[in-house]
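One structure is given below, encoded as structure tokens.
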Amino acid sequence: VILMVAITVILAAIIAMFVFGMASGVDTQPKIVAATAQVSGDYVVVTYQGGQDHGEVASVNCTVADADEPETNLPGGAQVPSPSVGHKWTVPTADLKGKTVVVTVSAEFKDGSEKIILDKNIRIPASSS
């Protein structure tokens, strides 16, 4: 009985070390950077806005895809290493009148983490005004 109790205590200690060890890798401070997207004529214009943690950004990746075919990215989005605040991606949408596009912008930080900073569905107007 003493041997079984000892084995149980050792297993509990090993499991606790594993669980608490994993928790130490959790990012407790969120990264604060942002991007915006809007329709401008026959284009979707995506703008990197920067933010409090802009100095920690290693690169920013922008993708714009037709919501009906999300595996196919539209030309114009790209990855930009060390982007400046105000960097713009201009993505043509003339062939997508009346459709919805999905804009996704992710930032990779110098510590190796990656965060999605914009995930937005935008309806392209049927006619540009």
Side-chain angles (χ1 to χ4, degrees):
V1 170
I2 293 173
L3 184 59
M4 288 176 58
V5 170
I7 290 173
T8 303
V9 169
I10 291 170
L11 283 174
I14 291 171
I15 291 171
M17 285 178 15
F18 178 71
V19 169
F20 291 122
M22 286 178 53
S24 67
V26 174
D27 187 12
T28 57
Q29 294 294 327
K31 306 282 196 264
I32 301 172
V33 292
T36 58
Q38 62 187 17
V39 175
S40 178
D42 287 340
Y43 299 91
V44 169
V45 179
V46 182
T47 307
Y48 172 67
Q49 300 292 333
Q52 176 180 331
D53 295 312
H54 169 68
E56 297 179 37
V57 174
S59 66
V60 177
N61 186 41
C62 172
T63 59
V64 180
D66 182 347
D68 295 333
E69 299 177 32
E71 66 282 348
T72 306
N73 294 331
L74 301 173
Q79 184 171 16
V80 176
S82 302
S84 59
V85 173
H87 180 85
K88 294 185 185 299
W89 293 269
T90 305
V91 181
T93 58
D95 297 336
L96 298 170
K97 302 279 187 203
K99 290 189 159 197
T100 300
V101 295
V102 179
V103 179
T104 306
V105 180
S106 61
E108 185 175 333
F109 296 89
K110 293 176 182 173
D111 66 2
S113 63
E114 187 172 353
K115 306 283 183 196
I116 294 178
I117 60 174
L118 178 68
D119 187 17
K120 183 176 183 178
N121 292 345
I122 298 178
R123 181 90 173 150
I124 306 300
S127 63
S128 57
S129 43

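FYI, the numbering just counts along the sequence from 1.
Taken to the nearest 0.5 Å, the CG atom of N121 stands 8.5 Å off from the OG1 atom of T104. The CH2 atom of W89 sits 10.0 Å away from atom OG1 of T63, with the distance rounded to the nearest 0.5 Å. The CD1 atom of I117 lies 9.5 Å from the CD atom of Q49; values are rounded to the nearest 0.5 Å. For the atom pair CG (D66) and OG1 (T93), the distance works out to 10.5 Å, reported to the nearest 0.5 Å. Here K115 contributes atom NZ and E108 contributes atom CD; the two are 12.0 Å apart, rounded to the nearest 0.5 Å. Going from atom SG of C62 over to atom NZ of K88 covers 12.0 Å, rounded to the nearest 0.5 Å.
For S113 against K31, the heavy-atom pair with the smallest separation is OG-CE, 4.0 Å. Closest of all the heavy-atom pairs between K97 and P125 is CD-O, 3.5 Å. Across all non-hydrogen atoms, the minimal contact from S59 to P81 is CB-CA, 3.8 Å. Smallest separation of non-hydrogen atoms from P75 and V91: O-CG1, 3.3 Å. When all heavy atoms of A37 and I122 are compared, the pair lying nearest together is CB-CD1, 3.7 Å. Scanning both residues, P83 and A58, for their nearest heavy atoms gives CD-O, 4.5 Å.
Residues L118 and V39 share a hydrophobic cluster, clusters being chains of Ile/Leu/Val/Met/Phe/Trp/Tyr side chains in contact below 4.5 Å. V45 and L96 sit in two unconnected hydrophobic clusters of ILVMFWY residues. Membership requires side-chain heavy atoms under 4.5 Å apart, directly or through other members. Taken together through direct or relayed side-chain contacts under 4.5 Å among Ile, Leu, Val, Met, Phe, Trp and Tyr, V80 and V57 form part of one hydrophobic cluster. Y48 and Y43 fall into different hydrophobic clusters, where Ile, Leu, Val, Met, Phe, Trp and Tyr side chains are chained together by heavy-atom contacts under 4.5 Å. By the rule that hydrophobic residues join a cluster once side-chain heavy atoms approach within less than 4.5 Å of another member, L11 and L3 end up as members of one cluster.
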Legend entry - Criterion side-chain contact (heavy atoms from CB on, under 4.5 Å) on K120 and V44, from CA distance to verdict: CA-CA 12 Å; K120 183 176 183 178; V44 169; over 6 Å; no
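By the 4.5 Å heavy-atom criterion applied to side chains, H87 and V60 are not counted as neighbours.
Not a single donor-acceptor pair under 3.5 Å links the side chain of T100 to the backbone N or O of R123. Checked by atom type and distance alone, the side chain of D53 pairs as donor or acceptor with a backbone atom of I32 at under 3.5 Å.
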